[in-house]
Amino acid sequence: MNQPLAGFAPAPVTARMENHGNHMLKVAMQTGSDLFARVGSMVAYEGFVQYEPNPPAVRQIARDWMTGEGAPLMKCTGDGLLYLADYGANVVMINLNGDAISVNATNLLAFDAHLTWGVERVKGLAKFAGQGLWNTKISGQGWVALTSRGTPIVVDCGGGEDETYVDPDALVAWSPNLKVKGKRSFKAQSLIGRGSGEAYQMAFSGQGIVVVQPSEDSTDRLRIRG
């Protein structure tokens, strides 16, 4: 192989999910260890991998997703290496160890099919939300891959009484045990929530983390809508 190109060859497999650079996910596929992935995210694969778009299990669980706010999924099966990406977004992996994570559907890239998951409306926002904000809650023992428009920051809420405020357009994921409520600020309207027309924030409190991306592009984000 040409020496300059050799530096981009994938490293030997050491885990179920790994990064290849910051913007690509490598998944070690094995028969019996199926994967759900965003439709259209496959960029390459080695070996024998098959795809089933919108399988029955996904249609049943995701029926509550609102039109335009869902995350169309495909079921990936087989043996080999699967490479996934989402238009150059950063890829962040989480290895759940009996834990749970709530993810905005537009930031969900892939997860192990054996994990427990479901779609639910975010509680505590009915006063602000109109049609509301939906999230995907995933729990169990296995891998989840998220996308972020730029390098994300992970904020530890610390378990105190102080609240962490996040623009909904920049929110990626959070610990589902956190308390969530909405806040409207007119004074900050020109600075916060630029895509919403009004300044909405989500306030998180309790013990857990919030993952925030450095982007407020409402064209590819789930948003709170008034």
Side-chain angles (χ1 to χ4, degrees), residues 1-53 55 57-58 71-117 135-156 171-176 208-215 220:
M1 182 183 294
N2 182 277
Q3 283 301 316
L5 291 178
F8 296 102
V13 175
T14 60
R16 162 71 162 174
M17 288 188 181
E18 297 177 309
N19 278 106
H20 179 73
N22 295 324
H23 311 291
M24 191 177 298
L25 176 70
K26 178 175 67 174
V27 184
M29 298 293 298
Q30 291 183 331
T31 299
S33 297
D34 300 338
L35 184 81
F36 286 132
R38 175 179 289 277
V39 170
S41 62
M42 188 278 291
V43 294
Y45 69 90
E46 303 174 29
F48 180 75
V49 182
Q50 292 182 303
Y51 310 92
E52 180 185 359
V58 171
L73 298 175
M74 59 183 178
K75 186 177 182 180
C76 308
T77 60
D79 291 277
L81 292 178
L82 175 61
Y83 297 89
L84 305 174
D86 183 21
Y87 295 98
N90 285 54
V91 177
V92 180
M93 297 166 302
I94 300 173
N95 188 5
L96 296 178
N97 186 19
D99 305 320
I101 189 77
S102 290
V103 186
N104 275 341
T106 49
N107 294 98
L108 184 58
L109 180 62
F111 59 97
D112 282 328
H114 67 265
L115 289 169
T116 300
W117 68 286
N135 71 300
T136 305
K137 182 179 177 181
I138 306 174
S139 62
Q141 186 89 32
W143 289 86
V144 180
L146 314 177
T147 61
S148 171
R149 302 298 172 184
T151 304
I153 183 172
V154 179
V155 180
D156 187 347
L171 181 63
V172 173
W174 64 96
S175 300
I209 62 169
V210 181
V211 183
V212 183
Q213 65 183 358
S215 170
D220 63 5

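Below, each value reflects all heavy atoms present in this structure, side chains not excepted, and no hydrogens, waters or symmetry copies.
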### Task
Please check if the side chain of S102 supplies one atom and the backbone of K137 the other of a donor-acceptor pair under 3.5 Å.
no
### Side chain to side chain, N135 and W174, heavy atoms closer than 4.5 Å
yes
### Query
Of all heavy-atom pairs between A28 and L81, which one has the smallest distance, and what is that distance?
CA-CD2, 4.0 Å
### Task
Using modelled atom types only, decide if a donor and an acceptor are shared between the side chain of D112 and the backbone of W143 within a distance under 3.5 Å.
yes
### Message
Pair D79, T31 - check side-chain hydrogen bond (donor to acceptor under 3.5 Å, both in side chains), show working.
### Response
CA-CA 6 Å; D79 291 277; T31 299; 2.3 Å; yes
### Query
What distance do L109 atom CG and T147 atom OG1 have between them, rounded to the nearest 0.5 Å?
6.5 Å
### Message
If you compare all heavy atoms of A37 against all heavy atoms of C76, which two are closest, and at what distance to 0.1 Å?
### Response
CB-SG, 4.0 Å
### Query
Below 4.5 Å, heavy atoms only, C-beta onward: do L108 and V144 meet side chain to side chain?
yes
#### Entry: Nearest-0.5 Å distance, OH of residue Y51 to CE of residue M42
4.0 Å
### Task
Go through the steps for W117 and V103 under the test side-chain contact (heavy atoms from CB on, under 4.5 Å), then give the verdict.
CA-CA 11 Å; W117 68 286; V103 186; over 6 Å; no
### Message
Can you confirm whether R16 sits close enough to M29 that some side-chain heavy atom of one is under 4.5 Å from a side-chain heavy atom of the other?
### Response
yes
### Query
Can you check whether E18 reaches P10 side chain to side chain, under 4.5 Å on heavy atoms?
no
### Message
Taking atom CD as the centre, does Q141 end up with more than 12 heavy-atom neighbours from other residues, nucleotides or ligands that are less than 6.0 angstrom away?
### Response
yes
### Task
State, yes or no, whether a side-chain contact exists between T116 and S139 at a heavy-atom distance under 4.5 Å.
yes
### Query
Between V92 and P152, which heavy-atom pair has the shortest distance, and what is it?
CG2-CG, 3.7 Å
#### Entry: Note, L35 side chain near K75 side chain (heavy atom, < 4.5 Å)
no
### Query
Roughly how far apart are L25 CG and N90 CG, rounded to 0.5 Å?
12.5 Å
### Point-to-point distance, once rounded to the nearest 0.5 Å, from CG of D86 to CZ of R149
4.5 Å
### Query
What are the two closest non-hydrogen atoms of G208 and S175, and how far apart are they?
CA-OG, 3.5 Å
### Query
What heavy-atom pair brings M74 and S41 nearest, and what distance separates the two atoms?
CE-OG, 3.9 Å
### Task
Could you grab the distance from atom CZ of F36 to atom OG1 of T136, nearest 0.5 Å is fine?
12.0 Å
### Query
Can you tell me how far the CD1 atom of I94 sits from the CG atom of L146, to the nearest 0.5 Å?
4.5 Å
#### Entry: Side chain proximity check, V211 to N107, heavy atoms < 4.5 angstrom
no
